[in-house]
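Notes for the one structure printed next.
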Amino acid sequence: MDFAELRTEINSCTGLDFQQASSKLQNIIFGLKKADILELIVEIGTIPEDIGHDSTEEELYTKASDILFAKALKEMNLEVYVLTQRADCADIVAQSHYHSYSLVGDAKVFRLSRTDKNAKDFKVASMAHWRGDCDYSVLACPYYQYPKSNSQIYKDALDNNISLFSWEYLYILLKEDVKEDASTNLGELFNQSAVIANATTVGNAKANFLPLQNEHIADIINMPQSKFASYFDNIKKMLVKRGRTEISYYEDEIDRVRQLNREDAINELLKSMKLDKKITTIKQFIEQIRK
């Protein structure tokens, strides 16, 4: 299955209720072979620009990312459960078959056009609460969407031992056929924030520690640093190609809008401003306070 085919499957679920759609997507994604999900893992972190904001398709796309994260962990030989709650909880729970640890996981996806991300968007602080009795709390986020310099999320991750994992890490691990067994404990991969925190001063608590984490992960899986870096170089090329696809979408939209007549252009503007929806929301508020 390629990314376009996954999009088609997501679209086919938009008429179902959320629970049914989630179950259908999980059956589809969990039924894929490891080779089939490698492209999806690289692509899934970027929400296509043609998906409407706050739409059913966007909600299902996000759920598909949760399921794909779970599938990746399953391929690494962990026992995984996808949760169906949609608020104030992690997306997945996983546990080792061979070693006494468990984790909660949360998947993150972003649009390439989004520039106003802040610490709350990553929910790092929430991940500490969602961990519960589990040993680790793991965030799967597009690597290049993490802040490049100082950020509160790095301090929160170090303070609470939240693993700032990435889709790119998952791609490398699956590509290298890294799996847990009786003699291989992958828990060290998810404990890097605790390891790095022990060597971090208070003054550097907000610094970007991902380059150091890259070195640690490469060492854990016995991979030369140069090979680890080459994986990222190849992934960058894939992301650049995806970026060009998203730019083409907006260029086509510009051409389409320029060809609209006056009435259609006004309707398009009103639709984009969501004025009717805002009026409805205010009316609902008024009705509530009148009761």
Side-chain angles (χ1 to χ4, degrees), residues 41-42 44-47 62 65-66 68-70 72-73 76 78 80 89-94 101-112 114 116-132 134-174 178 186-221 223 225 228-229 231-232 235-236 239:
I41 285 177
V42 174
I44 197 70
T46 300
I47 302 176
T62 300
S65 74
D66 301 338
L68 191 58
F69 181 18
L73 293 177
M76 292 159 59
L78 297 177
V80 186
C89 67
D91 296 320
I92 64 175
V93 175
Y101 75 81
S102 58
L103 63 86
V104 295
D106 193 68
K108 283 286 164 237
V109 292
F110 294 106
R111 298 172 190 270
L112 293 181
R114 183 171 178 179
D116 58 345
K117 296 186 296 296
N118 55 51
K120 291 183 179 179
D121 293 319
F122 295 92
K123 297 184 179 179
V124 175
S126 297
M127 293 291 287
H129 168 68
W130 294 341
R131 176 166 48 219
C134 292
D135 300 282
Y136 305 120
S137 191
V138 184
L139 182 66
C141 176
Y143 183 87
Y144 294 103
Q145 294 283 10
Y146 281 122
K148 293 179 177 60
S149 55
N150 289 3
S151 172
Q152 181 65 36
I153 75 163
Y154 296 120
K155 184 177 188 304
D156 290 342
L158 295 180
D159 288 346
N160 299 287
N161 191 21
I162 307 302
S163 172
L164 300 187
F165 225 64
S166 76
W167 296 107
E168 290 79 0
Y169 292 158
L170 292 169
Y171 176 84
I172 294 171
L173 292 169
L174 294 190
V178 174
L186 298 182
E188 191 177 0
L189 291 171
F190 312 121
N191 195 43
Q192 282 306 298
S193 288
V195 172
I196 294 171
N198 289 333
T200 302
T201 63
V202 174
N204 290 327
K206 292 185 178 181
N208 179 358
F209 59 75
L210 296 182
L212 177 59
Q213 180 171 265
N214 291 350
E215 295 178 11
H216 289 185
I217 291 176
D219 289 341
I220 291 169
I221 61 176
M223 179 183 290
Q225 298 293 334
F228 195 86
Y231 265 117
F232 271 85
I235 291 169
K236 284 180 185 178
L239 293 175

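Given the structure is predicted, the values throughout are model-derived calculations rather than measurements.
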* Taking the side chain as every heavy atom from C-beta outward, state whether Q192 and F209 have any atom pair closer than 4.5 Å. => no
* To do: Might you point out which heavy atoms bring Q145 and R111 nearest each other, and give the distance in Å?
  => NE2-O, 3.7 Å
* To do: State the CD-CD1 distance between E188 and I220, to the nearest 0.5 angstrom.
  => 4.0 Å
* Ring geometry between Y146 and Y143 (parallel below 30°, tilted from 30 to 60°, perpendicular above 60°) -> perpendicular
* Where A70 and V80 come nearest, the two heavy atoms and their spacing -> CB-CG1, 3.3 Å
* Structure fact -> Rounding to 0.5 Å, atoms OG (S126) and CG (L139) come to a distance of 10.5 Å
* Using modelled atom types only, decide if a donor and an acceptor are shared between the side chain of W167 and the backbone of K108 within a distance under 3.5 Å. => yes
* V104 and S137: CA distance, side-chain angles, deciding distance, side-chain contact (heavy atoms from CB on, under 4.5 Å) verdict -> CA-CA 5 Å; V104 295; S137 191; 3.4 Å; yes
* Just say parallel, tilted or perpendicular for the rings of Y136 and F190, cut-offs at 30° and 60°. => tilted
* **Steps toward side-chain contact (heavy atoms from CB on, under 4.5 Å) verdict (M76, L170)** => CA-CA 9 Å; M76 292 159 59; L170 292 169; 4.2 Å; yes
* **Heavy-atom pair of closest approach, residues C134 and S102** => CA-OG, 3.3 Å
* Asked: Taking side chain as C-beta onward, heavy atoms only, is N161 less than 4.5 Å from S193?
  -> yes
* Asked: Just by modelled atom types, is the L103 backbone N or O under 3.5 Å from a matching donor or acceptor in the D135 side chain?
  -> no
* Asked: Ignoring hydrogens and geometry, is there a side-chain-to-backbone donor-acceptor pair from Y154 to P147 under 3.5 Å?
  -> yes
* Looking only at non-hydrogen atoms, find the nearest pair between L158 and A205 and report the distance. => CD1-O, 3.7 Å
* **Close side-chain approach of M223 to V178, heavy-atom, < 4.5 Å** => no
* Between F122 and F110, is the ring centre distance below 6.0 Å? -> yes
* **Full working for side-chain contact (heavy atoms from CB on, under 4.5 Å) between F232 and I172** => CA-CA 9 Å; F232 271 85; I172 294 171; 3.8 Å; yes
* Looking only at atom types and distance, does a side-chain atom of Q225 sit under 3.5 Å from a main-chain N or O of E215, one as donor and one as acceptor? -> yes
* Look up atom CD1 in I196 and atom CG in L164, then write down how far apart they are to the nearest 0.5 Å. => 8.5 Å
* Asked: Got a second to check how far D106's CG is from R131's CZ, nearest 0.5 Å?
  -> 13.0 Å
* Asked: Is there a side-chain contact (heavy atoms from CB on, under 4.5 Å) between I47 and R114 once you walk through the steps?
  -> CA-CA 10 Å; I47 302 176; R114 183 171 178 179; over 6 Å; no
* Check whether more than 12 heavy atoms from other residues, nucleotides or ligands sit under 6.0 Å from atom CD of Q152, and answer yes or no. => yes
* Taking all heavy atoms of A207 and all of N150, pick out the closest pair and write down the distance. => CA-OD1, 3.4 Å
* Taking the side chain as every heavy atom from C-beta outward, state whether Y101 and L186 have any pair of such atoms under 4.5 Å apart. => yes
* May I ask you to decide if A125's main-chain N or O and D156's side chain share a donor-acceptor pair within less than 3.5 Å? => no
* Check for a donor-acceptor pair, side chain of N160 on one end and backbone N or O of I162 on the other, with a separation under 3.5 Å. => no
* Nearest-0.5 Å distance, CG of residue L73 to CG of residue L78 -> 5.5 Å
* Asked: How close do L189 and I217 get, heavy atom to heavy atom, and via which atoms?
  -> CD2-CG2, 3.9 Å
* Point-to-point distance, once rounded to the nearest 0.5 Å, from CD of E168 to OH of Y144 -> 6.5 Å
* To do: With the side chain counted from C-beta on, respond yes when Q213 and L210 share a heavy-atom pair under 4.5 Å apart, and no when they do not.
  => yes
